[in-house]
Novice: 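Please see the structure below; I have some questions.
Please read all numbers here as calculations on a predicted model, not as lab measurements. All chains are named by letter (A, B, ...) in the order of the sequence lines, taking the proteins before the strands, and each is independently numbered beginning at 1. The basis for the numbers below is simple: all heavy atoms, side chains too, and nothing from hydrogens, waters or symmetry mates.
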Amino acid sequence: MIKQLLPGFRMVLVLTVLTGLLYPGVVTGLAQILFKHQANGSLITRNGKVIGSEIIGQNFTKPEYFHPRPSAAGSDGYDASASSGSNFGPTSQKLIDRTKASVAQLRAENPSFKPELPSDIATASASGLDPHISPASAAVQMERVAQARGVTREQVSRLTRRFTEGRDLGFLGEPRVNVLRLNLALDERFPISR
Amino acid sequence: MTPNGILQIVSFFLLILALAKPMGAYMTRVFNGQRTFLHVLLRPLERLCYALTGVREDVEQRWTQYTASMLSFSLFSFVFVYGIQRLQAFLPFNPMGFSSGHAPGNATAMTPDLAFNTAVSFVTNTNWQSYGGETTLSYFVQMVALTVQNFASAAVGVAIAVALIRGFARQQANAIGNFWVDLVRGTVYVFLPISLLIALFFASQGAIQNLNSYTVATTVEGKQQVIAQGPVASQEAIKMLGTNGGGFFNANSAHPFENPTPLTNLVQMVAIFLIPAGLTYTFGKTVGDTRQGWAIFAAMSVLFLAGAFTLYYFEQSGNPNLQKLGIESMASASQPGGNMEGKEVRFGIAATSLFGTVTTDASCGAVIGMHDSFTPIGGLVPLFNMEVGEVIFGGTGAGLYGMLLFAILGVFIAGLMVGRTPEYIGKKIEGKEVKMAMIALLATSAAVLLFAGISSVITFPKDAYWNGSYGAATGNLNNGGPHGFGEILYAYSSGAANNGSAFAGINANTPWYNLTIGLAMLIGRFLIIIPMLAVAGHLASKKRVPVTSGTLPTHGPLFVGLLVGTVVIVGALTFFPALSLSPIVEHFLMNQGRLF
């Protein structure tokens, strides 16, 4: 055992340099050259200021915007420095209370939508930073968004379809709508005159 | 279940089936020291590693020396990881000032018990995390301590498996290979080049890779959003390929910066199974009968598919308590249906269920959905997968040596039934092998059940050292009723199985949990590895016995059935009482509408 100590110590050092410094260094260098935008967080800038990331959800509460899913990240949700799910189990009273409140709010904000709610819109995501909602969850909110912007539901619907991504390679994952990108497009196409 | 969901699971499996042979053949050559197409580039690097460490490539070791080398390497690995974490305030690449006076308000302190737990966790290939990465660790710790162990602990696992394979393949031999050589070859020829490719692919899809300070954004509605950054893609690649599973961020692979698209998600899952599946072929090839490897592969596949479809069925069926609130549970073309609490829209139900199965079949433990929020039977599948020892493809190396442990037990049981001395791969399985297999099995099961039992009842004075403000060890739970017990059971199952996933509602960052889960991880790693190396040494010294008409063939459906049966029965006998107190009873209570 004693004879093995020195090689053990040296091997940890050698592998540390190889896999802990060289490897991440090379990946960082290549990623910064080849995929600079993605490697730095797919940030969106407006007027020189960062307003968020294309692939990180952020909260929306105003009626003229599509709203994302409930979030358990940080104390107010959508804290991108403290990702987290709710970790409520299926028989958790807290889960039912929170979902009840979300359902009530959704019903109040979107009174014209009567059918059952899609499964994603009143439940918290795993990361708390889900950038997407399902197309059905966008449909729930279209009437409200259209009214708030003084346009027809059909106009909002058409824009939403343009921002709906299908399954990857046609079968992987789920169809989805990126909330931030859709809302930015709404502001561009149907600005609200204040 | 939807046709598209089934298609996702089946096509993933076919991909693994197609990759097992080429990957296994490549690893056979690597660990035999034969030339591969990468030798032109990597052979100098391999030789440099030996030169710098004074390792003699041509000298082989007995199993005792092999074990001593492995323990020495693990010991220094632990010391390094512990030290770097504790000193992170004084080390570079710490833009958020963790462990210093400038740390953000939500930062977690790097206490000695947390550093101990994390060091054990990454050295044992568990990657249990009592902390959230983006609120605790500097980029230096993530790269130089954790990424290194992601490589090293995975390469150690493969080395042990390769040594055990040699035990079966060799006759009347003293030596089972050289630990240092196996470690270096695995790292240099297998893990590094594949990780590099995967990391760059992840980065192209949106995984971040930088050393920037966290970005402060002003959202569209004028709020401040701090966006965590870091060298994620490089760590993410080896995290999956090495079946480590420790997330850069708290949300692990659910975080869009770790796993941005369904396509990266597929690559993540393939990376988890790639080496474990390949090793079954390496096994068959090395012992001179590839059918032996495919039989192991087949047994793993049966258990994998059963788990994946069970989990998927129950997650897609959803939670009746949410349906009562007016939430749709049927999937349609425009929404995923099912139980979406703790899941991401881009992945949906099928991919999350598949990932949950894959990550706990293997000793990965990365998650794209919160297992704590799975339906009861959806949560039972990961628990069961871990409790049978993660032999369903399993961790890199760990899965194969774990499954070979069950093969030894399986032929032993079959031998008892027909009254013949059992044989496996031409080697007589005698008292010593069975004893070693039982030590491994009993030690890990005892660690799970004893620690879970103790934590269910033990109380500490409030605000005392051991469990802080929580008092009783049940005070750390996020859920009540049977699910609360599930959080404890999951924690120790995950630790002892070296998985690292969690029913993450439990607040495990207290000295009590950090220490006991740390011990469970050590037991689950070394009390399997050391007995398995003893078996390897013992088998290598034996002669092969000739195949006769009385030999139980171990390459056909009968043996596959025997192996699956052994795994399920051993798992069921050991853990059924504990499982019935948690997910099983919770399933019935959920359907009755009981809440806690």
Side-chain angles (χ1 to χ4, degrees), chain A residues 1 4-5 7-12 14-16 19-20 24 27-28 31 35 38-42 49-53 55-56 58 80-85 87-93 96 99-100 103 116-120 123 125-127 130-132 134-136 168 171-174 176, chain B residues 7 49 52-53 68-69 72-73 76-77 106 143-144 147-148 151-152 199 203-204 206 208-210 217 219 225-228 231 234 249-251 254-256 260 262-263 319 325-328 334-337 340-342 344-348 369-370 372 375 478-479 483 504-505 590 595-596:
Chain A
M1 184 73 207
Q4 301 298 335
L5 285 178
F9 178 75
R10 285 179 179 158
M11 191 60 87
V12 173
V14 168
L15 290 188
T16 298
T19 62
V27 175
T28 307
F35 315 112
Q38 296 95 311
N40 291 315
S42 306
K49 277 194 179 154
V50 176
I51 57 165
S53 161
I55 58 174
I56 297 288
Q58 56 178 250
S81 68
S83 59
S84 179
N87 285 309
F88 293 150
T91 53
S92 159
Q93 183 69 53
I96 301 304
T99 311
K100 239 182 215 163
V103 169
E116 296 209 301
L117 291 166
S119 63
D120 60 309
T123 49
S125 65
S127 63
D130 197 338
H132 300 114
S134 67
D168 287 18
F171 74 106
L172 292 171
E174 294 292 327
R176 55 205 183 271
Chain B
L7 177 68
C49 289
L52 290 172
T53 53
S69 300
S72 158
F73 181 75
F76 283 109
S77 295
N106 63 356
M143 291 190 295
V144 178
T147 302
V148 172
F151 278 97
S204 78
I208 56 175
Q209 181 73 24
N210 62 61
T219 67
Q225 187 184 38
V226 178
I227 302 176
S234 56
F249 299 114
N250 187 46
H255 198 296
L263 194 59
N319 181 347
L325 303 178
I327 291 175
E328 180 61 75
S334 62
Q335 59 101 20
M340 280 298 285
E341 180 70 21
E344 302 280 297
V345 168
R346 64 191 180 283
F347 302 134
M370 291 303 135
D372 216 351
T375 59
N478 189 39
N479 287 282
H483 199 82
M590 177 184 78
L595 299 175
F596 297 91

Novice: Among the options B:His255, B:Glu344, B:Met590, B:Met143, pick out the one with the most heavy-atom pairs lying under 4.5 Å from chain A.
Specialist: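 Ranked by contacts with chain A, first place is B:Glu344.
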Novice: Would you say the side-chain atoms of B:Glu328 and A:Ser119 include a donor-acceptor pair closer than 3.5 Å?
Specialist: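 Side chains of B:Glu328 and A:Ser119: no pair found under 3.5 Å.
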Novice: Could you check which of B:Leu263, B:Leu52, B:Asp372 has the highest count of heavy-atom pairs closer than 4.5 Å to chain A?
Specialist: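 Most heavy-atom pairs within the cutoff with chain A belong to B:Asp372.
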Novice: Could you go step by step and tell me if B:Phe76 and A:Leu5 meet the side-chain contact (heavy atoms from CB on, under 4.5 Å) rule?
Specialist: CA-CA 8 Å; B:Phe76 283 109; A:Leu5 285 178; 3.8 Å; yes
Novice: Does any N or O in the side chain of B:Arg346 come within less than 3.5 Å of the main-chain N or O of A:Gly173, such that one atom is a donor and the other an acceptor?
Specialist: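 Not a single qualifying donor-acceptor pair exists.
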Novice: Quick one: list whatever passes ring-ring contact (aromatic ring centres under 6.0 Å, His included) with B:His483, sequence neighbours left out.
Specialist: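 B:His483 satisfies ring-ring contact (aromatic ring centres under 6.0 Å, His included) with B:Phe503 only.
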Novice: Taking side-chain contact (heavy atoms from CB on, under 4.5 Å) as the definition, give me every residue that meets it alongside A:Gln58, ordered by chain and number, with sequence neighbours left out.
Specialist: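 Checked A:Gln58 against side-chain contact (heavy atoms from CB on, under 4.5 Å); matches are A:Phe60, A:Leu180, B:Thr219, B:Val220, B:Gln225.
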Novice: Heavy atoms, side chains only, cut-off 4.5 Å: are B:Ser69 and A:Pro7 in contact?
Specialist: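 A side-chain contact under 4.5 Å is absent here.
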Novice: With only heavy atoms counted, which part of B:Asn479 is less than 4.5 Å from chain A, the side chain, the backbone, both or neither?
Specialist: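 The side chain, not the backbone.
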Novice: Hey, which of B:Gly342, B:Ser77, B:Ala254 has the most heavy atom pairs under 4.5 Å with chain A?
Specialist: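 It is B:Gly342.
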Novice: Could you check which of A:Val103, A:Thr16, A:Val14 has the highest count of heavy-atom pairs closer than 4.5 Å to chain B?
Specialist: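 Most heavy-atom pairs under 4.5 Å with chain B: A:Thr16.
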Novice: Is it true that B:Ser234 and B:Gln209 share a donor-acceptor pair across their side chains at a distance under 3.5 Å?
Specialist: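 Their side chains do contain a donor-acceptor pair, which is all the 3.5 Å distance test asks for.
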Novice: Of the backbone (N, CA, C, O) and the side chain (C-beta and beyond), which part of B:Phe151 lies under 4.5 Å from a heavy atom of chain A, both, or neither?
Specialist: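 For B:Phe151, the side chain is the part near chain A, not the backbone.
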Novice: So which of B:Cys49, B:Pro336, B:Gly369 has the biggest tally of heavy-atom pairs under 4.5 Å with chain A?
Specialist: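 Option with the greatest count: B:Pro336.
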Novice: So which of B:Asn319, B:Asn106, B:Val226 has the largest heavy-atom pair count under 4.5 angstrom toward chain A?
Specialist: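 Option with the greatest count: B:Val226.
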Novice: Which residue out of B:Val144, B:Ile327, B:Thr147 racks up the most heavy-atom pairs below 4.5 Å with chain A?
Specialist: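 The answer is B:Ile327.
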Novice: If we define contacts as heavy-atom pairs under 4.5 Å, which of A:Leu15, A:Thr99, A:Ile56 has the most with chain B?
Specialist: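 Looking at each of A:Leu15, A:Thr99, A:Ile56 in turn, A:Ile56 comes out on top.
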